[in-house]
Amino acid sequence: MADEGLQDELRAFVSEREWGQFHSEANLAKSISIEAAELLECFQWDDNGDRERVRRELADVLTYCFLLADRLGASPEELMREKLAITRDKYPIERSRGRSTKYDQL
């Protein structure tokens, strides 16, 4: 997972450009969605996608995710672990292994 050095690097990058003023929670969430659409576009006509383009678009999505987590005062790792605990309860191994069924249909 990411280290604090990466988060510090992102903060410095934003600060140097004085972009923090544009990074409201809503704007960052919108940016995640926009970049996720660009990531999906990589697979629009070819399920394999252009690997380098996929990497760049995924980096954009992750960057905005990390910036939003920081704005919320949480680490991405913390948020993912919290959600993973919830998802573990929703999808017990004995009922969900090898199945893509939604939790309320298991």
Side-chain angles (χ1 to χ4, degrees):
M1 289 297 169
D3 58 33
E4 191 60 31
L6 176 59
Q7 202 70 5
D8 289 340
E9 195 173 337
L10 282 173
R11 287 182 196 119
F13 180 85
V14 170
S15 177
E16 292 162 352
R17 288 155 182 80
E18 297 181 355
W19 286 350
Q21 62 185 319
F22 309 115
H23 289 182
S24 67
E25 293 172 11
N27 284 349
L28 291 169
K30 290 172 198 175
S31 296
I32 291 166
S33 182
I34 292 163
E35 294 298 340
E38 291 179 12
L39 174 61
L40 188 57
E41 188 178 38
C42 295
F43 300 99
Q44 184 173 9
W45 307 116
D46 180 1
D47 285 350
N48 297 318
D50 174 345
R51 194 162 189 79
E52 281 308 307
R53 186 168 168 225
V54 168
R55 290 173 59 92
R56 289 191 305 270
E57 295 302 339
L58 179 56
D60 289 342
V61 172
L62 291 169
T63 297
Y64 280 118
C65 288
F66 274 61
L67 290 170
L68 180 54
D70 195 50
R71 177 63 69 162
L72 294 170
S75 73
E77 294 86 358
E78 171 188 1
L79 295 171
M80 289 186 297
R81 284 191 178 105
E82 288 172 3
K83 181 63 178 182
L84 186 56
I86 292 167
T87 305
R88 275 191 183 106
D89 290 339
K90 283 181 165 180
Y91 292 93
I93 294 169
E94 63 276 359
R95 291 181 25 221
S96 61
R97 178 173 293 187
R99 301 179 72 190
S100 62
T101 308
K102 190 171 176 184
Y103 71 92
D104 61 353
Q105 301 294 313
L106 288 173

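Side chains are part of it too, since the values below use all heavy atoms of this structure and drop only hydrogens, waters and symmetry mates.
- Dense packing is recorded around CG of Leu84, with more than 12 heavy atoms of other residues, nucleotides or ligands lying under 6.0 Å away.
- Within a 6.0 Å sphere centred on CD of Glu82, heavy atoms belonging to other residues, nucleotides or ligands number more than 12.
- Glu57 places none of its side-chain heavy atoms less than 4.5 Å from the side chain of Val61.
- Among residues at least two apart or in separate chains, salt bridge (charged side-chain N to carboxylate O under 4.0 Å, His left out) pairs with a member in residues 67-76 are Arg11-Asp70.
- For Phe13, the ring-ring contact (aromatic ring centres under 6.0 Å, His included) partners two or more places apart in sequence, or in a different chain, are Trp19.
- Evaluation of the side chain to side chain contact (heavy atoms under 4.5 Å, CB included) rule for Thr63 yields Leu10, Leu67 as partners, not counting sequence neighbours.
- For the atom pair SG (Cys42) and CZ (Arg51), the distance works out to 12.0 Å, reported to the nearest 0.5 Å.
- Rounding to the nearest 0.5 Å gives a distance of 12.5 Å between OG of Ser96 and NZ of Lys90.
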Please set out all donor-acceptor pairs under 3.5 angstrom arising from side-chain atoms of residues 99-106, sequence neighbours excluded.
unit_1, atom_1, unit_2, atom_2, d
Arg99, NH1, Arg95, O, 3.4

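- Considering SG of Cys65 and CG of Asp60, their distance stands at 11.0 Å, rounded to 0.5 Å.
- Within 6.0 Å of atom CZ in Arg17, more than 12 heavy atoms from other residues, nucleotides or ligands are found, so the atom counts as buried in its surroundings.
- Listed by first and then second residue, the salt bridge (charged side-chain N to carboxylate O under 4.0 Å, His left out) pairs involving residues 29-41 are Glu41-Arg53 (not counting sequence neighbours).
- Hydrophobic clustering of Ile, Leu, Val, Met, Phe, Trp and Tyr side chains at less than 4.5 Å, counting indirect connections, keeps Leu28 apart from Leu79.
- The heavy-atom pair separating Phe22 from Asn27 by the smallest distance is O-ND2, 2.9 Å.
- Put simply, the side chain of Glu25 never gets that close to the backbone of Leu72: no donor and acceptor are under 3.5 Å apart.
- For the side chain to side chain contact (heavy atoms under 4.5 Å, CB included) test, residues two or more places apart in sequence or in another chain that qualify with Glu52 are Asp50, Arg55, Arg56.
- Nearest heavy atom pair, residue Val14 against residue His23, reads CG2-CE1, 3.6 Å.
- With a 6.0 Å radius and a threshold of 12 heavy atoms from other residues, nucleotides or ligands, Gln21 has its CD atom above the threshold.
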request  = Report the C-alpha distance between Asn48 and Phe43 in whole Å, list the side-chain angles of each, state the deciding distance to 0.1 Å, and finish with yes or no for side chain to side chain contact (heavy atoms under 4.5 Å, CB included).
outcome  = CA-CA 7 Å; Asn48 297 318; Phe43 300 99; over 6 Å; no

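- Under a hydrophobic-cluster definition in which Ile, Leu, Val, Met, Phe, Trp and Tyr are linked whenever side-chain heavy atoms come within less than 4.5 Å, directly or via other members, Leu40 and Leu62 are assigned to different clusters.
- Using a 4.5 Å heavy-atom threshold, the side chains of Tyr64 and Ile34 count as separate.
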